[in-house]
Number of protein chains: 2
Amino acid sequence: MSTTSHIQTLSEENYLKVIYHLGKETKVKISPTAIAEALNNNPASVVDMLKKLVDKKLIQYEKSKGVRLTEKGKKIALLIIRKHRLWEVFLLEKLEYSWDEVHDIAEQLEHIHNPLLADKLDKFLGFPQYDPHGDPIPSASGEMADIYKTILSEVAEGKACQVVGVKDTSTSFLQYLKKLDIGIGTKVLLIEKIPFDNSIVISIKSGPNTTVSKIFADNLLVHE
Amino acid sequence: MSTTSHIQTLSEENYLKVIYHLGKETKVKISPTAIAEALNNNPASVVDMLKKLVDKKLIQYEKSKGVRLTEKGKKIALLIIRKHRLWEVFLLEKLEYSWDEVHDIAEQLEHIHNPLLADKLDKFLGFPQYDPHGDPIPSASGEMADIYKTILSEVAEGKACQVVGVKDTSTSFLQYLKKLDIGIGTKVLLIEKIPFDNSIVISIKSGPNTTVSKIFADNLLVHE
DNA sequence: TACAAAAATTAGTCATACCTAATAATGTTT
DNA sequence: AAACATTATTAGGTATGACTAATTTTTGTA
Ligand SMILES: [Mn+2]
Ligand SMILES: [Mn+2]
Ligand SMILES: [Mn+2]
Ligand SMILES: [Mn+2]
């Protein structure tokens with residue numbers, strides 16, 4: 001990732017990151033309302049900031065036409081995401097934080113500025129490919145692996161899959177996973193789908209059958 | 001260090017830190033002007049902030065009477081300093097930054113908030129006692145070792161001493177030190193003081209004699 | 001003690017990043 | 001195509017933490 005030596009404010013960085021993520025998920029046009037929702041602020045504030053980001057040539061935007069990152073904006077967004085995910089690995093593996101604690105601290109750490117930091121951290125951690133939630137870590141040159149995840153509820157009966165992440169990152173969900181002994185990389189076999197309430201019967205690590213709810217299966221990301 | 005769960009802004013934290021440091025160095029009353037100088041801003045801004053810090057019961061302050069940290073303020077200041085110095089050790093030892101690069105990054109990292117962070121980092125680093133500039137790291141309970149440093153220019157002729165830190169942390173000074181092969185722990189013998197311009201003749205690591213300026217000797221902290 | 005210099009404080013602005021309320025533009029129904 | 005609903009934008013404000021330019025207040029010296 002090249003030294004984009006012109007420094008962004010913390011707020012600008014958060015906008016760029018959110019715009020990047022929204023662009024990945026929903027292929028449709030990115031609206032002020034969607035951005036406001038993601039940032040937990042309001043659409044009027046977003047429009048203010050969008051003007052500023054246009055001035056700085058970090059996004060393209062015309063009234064009511066939706067937002068797109070420029071190459072420059074995308075580069076910065078990917079660097080923030082790279083730092084966020086690398087710091088999460090650091091917090092989990094080196095400082096022994098748990099799966100559910102790392103995100104909030106990484107939200108702060110991702111904004112530490114230093115041209116060498118991401119690469120030094122990457123090296124120190126042994127060039128990890130994925131963060132603790134199964135999300136790919138963008139490379140130094142800004143490439144991000146596109147792992148194709150599905151939710152557990154979309155896997156067919158009889159198929160095996162591997163856990164790569166979670167959609168819901170709430171403490172209660174992560175703690176339930178811990179209780180079930182499910183983590184990143186865990187092998188899950190989908191035994192049966194119950195039509196009545198869409199519950200799903202699975203076998204974890206070839207162990208005994210367990211039944212999980214539809215809500216549960218909607219929030220567990222897997223790779224077939 | 002107890003969980004002072006009420007969170008300060010980045011600005012407030014920098015003020016508390018500066019006030020703490022000024023109180024250590026100069027035993028006299030701490031003035032708005034001195035604070036402004038340390039923060040590179042102006043006395044009027046300082047007075048504004050002092051009012052805010054009084055409201056929050058982090059300092060004691062009456063017009064023109066000088067500033068003092070309250071116990072609460074001191075605790076926070078020491079936690080910031082603890083985090084700053086621990087992060088410096090991390091950056092030097094784990095990420096392989098050099099002596100002169102760590103300070104600026106630690107200025108940012110010291111403001112990362114999480115109740116467990118300082119202690120986890122401390123443990124990960126093996127409970128270091130000193131930072132890369134020879135400054136003591138405050139303990140988890142907010143105790144800070146009081147190493148008594150002198151500047152090289154106050155050492156008597158014929159006396160040996162050990163480098164424990166620097167007063168000036170500028171890149172040019174630190175690079176000059178590197179060139180002279182002086183680092184933390186280096187043994188220095190004071191051979192002679194030249195009356196004419198107060199230059200000082202020293203021997204580094206029992207090597208050949210070298211002459212350094214008064215300005216140099218004023219900025220090198222040693223322990224006899 | 002008086003008076004000048006220095007230091008501290010107040011008054012009045014400014015930029016950033018938010019907000020609410022009002023208005024305008026766009027989209028969806030009938 | 002008109003009416004209504006939704007979404008976006010503008011207008012006008014607020015809090016924070018800076019600043020500059022007065023105006024005290026304090027201090028040091030004559
Ligand atoms: Mn995260
Ligand atoms: Mn430092
Ligand atoms: Mn700082
Ligand atoms: Mn230091």
Side-chain angles (χ1 to χ4, degrees), chain A residues 6-19 22-23 25-69 73 76-77 80 107-108 110-111 113, chain B residues 6-19 22-23 25-69 73 76-77 80 107-108 110-111 113:
Chain A
H6 202 267
I7 284 177
Q8 272 52 55
T9 66
L10 185 145
S11 249
E12 287 165 10
E13 289 183 350
N14 283 333
Y15 273 89
L16 293 175
K17 192 177 59 153
V18 157
I19 292 166
L22 288 173
E25 284 165 29
T26 70
K27 254 59 190 167
V28 302
K29 91 177 181 193
I30 301 163
S31 64
T33 309
I35 297 170
E37 218 154 273
L39 286 169
N40 228 296
N41 68 5
N42 86 41
S45 309
V46 172
V47 173
D48 285 349
M49 182 61 92
L50 292 182
K51 286 173 188 159
K52 191 177 161 195
L53 294 175
V54 166
D55 286 350
K56 293 194 161 195
K57 303 201 192 311
L58 297 169
I59 62 168
Q60 285 178 273
Y61 178 62
E62 280 170 282
K63 286 188 194 176
S64 301
K65 289 267 177 189
V67 181
R68 271 177 55 97
L69 292 175
I76 294 166
I80 306 294
E107 282 295 318
Q108 303 173 60
E110 71 191 4
H111 303 289
H113 288 286
Chain B
H6 201 268
I7 285 179
Q8 273 52 55
T9 65
L10 184 144
S11 250
E12 287 165 10
E13 289 183 350
N14 283 334
Y15 273 89
L16 293 175
K17 193 178 58 153
V18 157
I19 293 165
L22 288 173
E25 283 166 31
T26 71
K27 254 59 190 167
V28 302
K29 92 178 181 194
I30 301 163
S31 63
T33 309
I35 297 170
E37 217 154 275
L39 286 168
N40 228 296
N41 69 2
N42 84 41
S45 310
V46 172
V47 173
D48 286 348
M49 181 60 91
L50 293 181
K51 285 173 189 159
K52 190 177 161 195
L53 295 174
V54 166
D55 286 349
K56 293 195 161 194
K57 301 200 194 312
L58 297 168
I59 63 169
Q60 286 178 274
Y61 178 62
E62 280 170 282
K63 284 188 194 174
S64 301
K65 288 268 179 190
V67 182
R68 271 177 54 98
L69 292 175
I76 294 166
I80 305 296
E107 281 296 316
Q108 302 172 62
E110 71 190 6
H111 303 289
H113 287 122

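Labels below follow one simple rule: chain letters A, B, ... track the order of the sequence lines, proteins then strands, and each chain is numbered from 1.
- Distance, A:Asn42 CG to C:dT20 P: 6 Å, rounded to whole Å.
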Which atom pairs, one a donor and one an acceptor, fall under 3.5 Å between side chains of residues 46-66 of chain A and the rest of the protein, sequence neighbours left out?
residue	atom	partner	partner atom	Å
A:Lys52	NZ	A:Glu12	OE2	2.7
A:Lys56	NZ	A:Glu12	OE1	3.1
A:Lys56	NZ	A:Glu12	OE2	3.1

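- The interatomic distance linking B:Lys29 (NZ) with D:dT27 (P) rounds to 5 Å, in whole Å.
- Counting all heavy atoms, side chain and backbone alike, B:Ala44 lies closest to B:Asn42 at N-OD1, 2.9 Å.
- Summarising the geometry, atom CG belonging to B:Leu16 is positioned 6.5 Å from atom CD belonging to B:Gln8; distances are rounded to the nearest 0.5 Å.
- Using a 4.0 Å heavy-atom criterion, one finds that A:Asn41 contacts the sugar-phosphate atoms exclusively.
- Within the structure, a side-chain polar atom (N or O) of B:Tyr15 is placed less than 4.0 Å from OP1 or OP2 of D:dA18.
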N/O contacts under 3.5 Å, protein versus nucleotides 4-7 of chain D?
none

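- One atom, CD of B:Glu12, and another, P of D:dA18, lie 10 Å apart when rounded to the nearest Å.
- Listed by chain and residue number, A:Asn14, A:His111 satisfy the side-chain contact (heavy atoms from CB on, under 4.5 Å) test with A:Leu10 (two or more places apart in sequence, or in another chain).
- Of the candidate nucleotides D:dT27, D:dC19, C:dA17, D:dC19 has the atom nearest to the side chain of B:Ser45.
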Could you write out each protein N or O paired with an N or O of nucleotides 10-14 of chain C at a distance under 3.5 Å?
residue	atom	partner	partner atom	Å
C:dT10	OP1	B:Lys63	NZ	2.8
C:dT10	OP2	B:Lys51	NZ	2.8

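- Straight-line distance from the CG atom of A:Leu50 to the C1' atom of D:dT10: 14 Å, rounded to whole Å.
- B:Leu10 places its CG atom 14 Å from the C1' atom of D:dA18, with the value rounded to the nearest Å.
- Atom CD1 in B:Ile35 sits about 14 Å away from atom P in C:dA7, given to the nearest Å.
- Sorted by residue number, the members of residues 54-62 of chain B with any non-hydrogen atom under 4.0 Å from DNA chain C read B:Tyr61.
- With sequence neighbours left out, A:Ala38 forms a side-chain contact (heavy atoms from CB on, under 4.5 Å) with A:Val18.
- Across the protein-nucleic acid pair, B:Met49 atom CE and D:dA18 atom C1' stand 10 Å apart, rounded to whole Å.
- In this structure, B:Ser11 reaches the D:dA18 phosphate: one of its side-chain N or O atoms is under 4.0 Å from OP1 or OP2.
- For the pair B:Pro32/B:Ile35, no side-chain contact is recorded, criterion being any heavy-atom separation below 4.5 Å from C-beta on.
- Under the salt bridge (charged side-chain N to carboxylate O under 4.0 Å, His left out) criterion, B:Glu37 pairs with no residue, sequence neighbours left out.
- Considering only the side chain of A:Lys52, C:dT16 comes nearest among D:dG17, C:dT26, C:dT16.
- Taking 4.0 angstrom as the limit, A:Thr9 places none of its side-chain polar atoms (N or O) nearer than this to OP1 or OP2 of C:dT16.
- The nearest pair of heavy atoms linking B:Ala77 to B:Leu69 is CB-CD1, 4.2 Å.
- Between atom CD of residue B:Glu13 and atom CD1 of residue B:Ile80 there is a gap of 3.5 Å, rounded to the nearest 0.5 Å.
- The shortest heavy-atom contact between A:Ala36 and A:Pro43 is CB-N, 3.5 Å.
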For nucleotides 4-6 of chain C, print each protein N/O atom paired with a nucleotide N/O atom at under 3.5 Å, atom names and distance only.
none

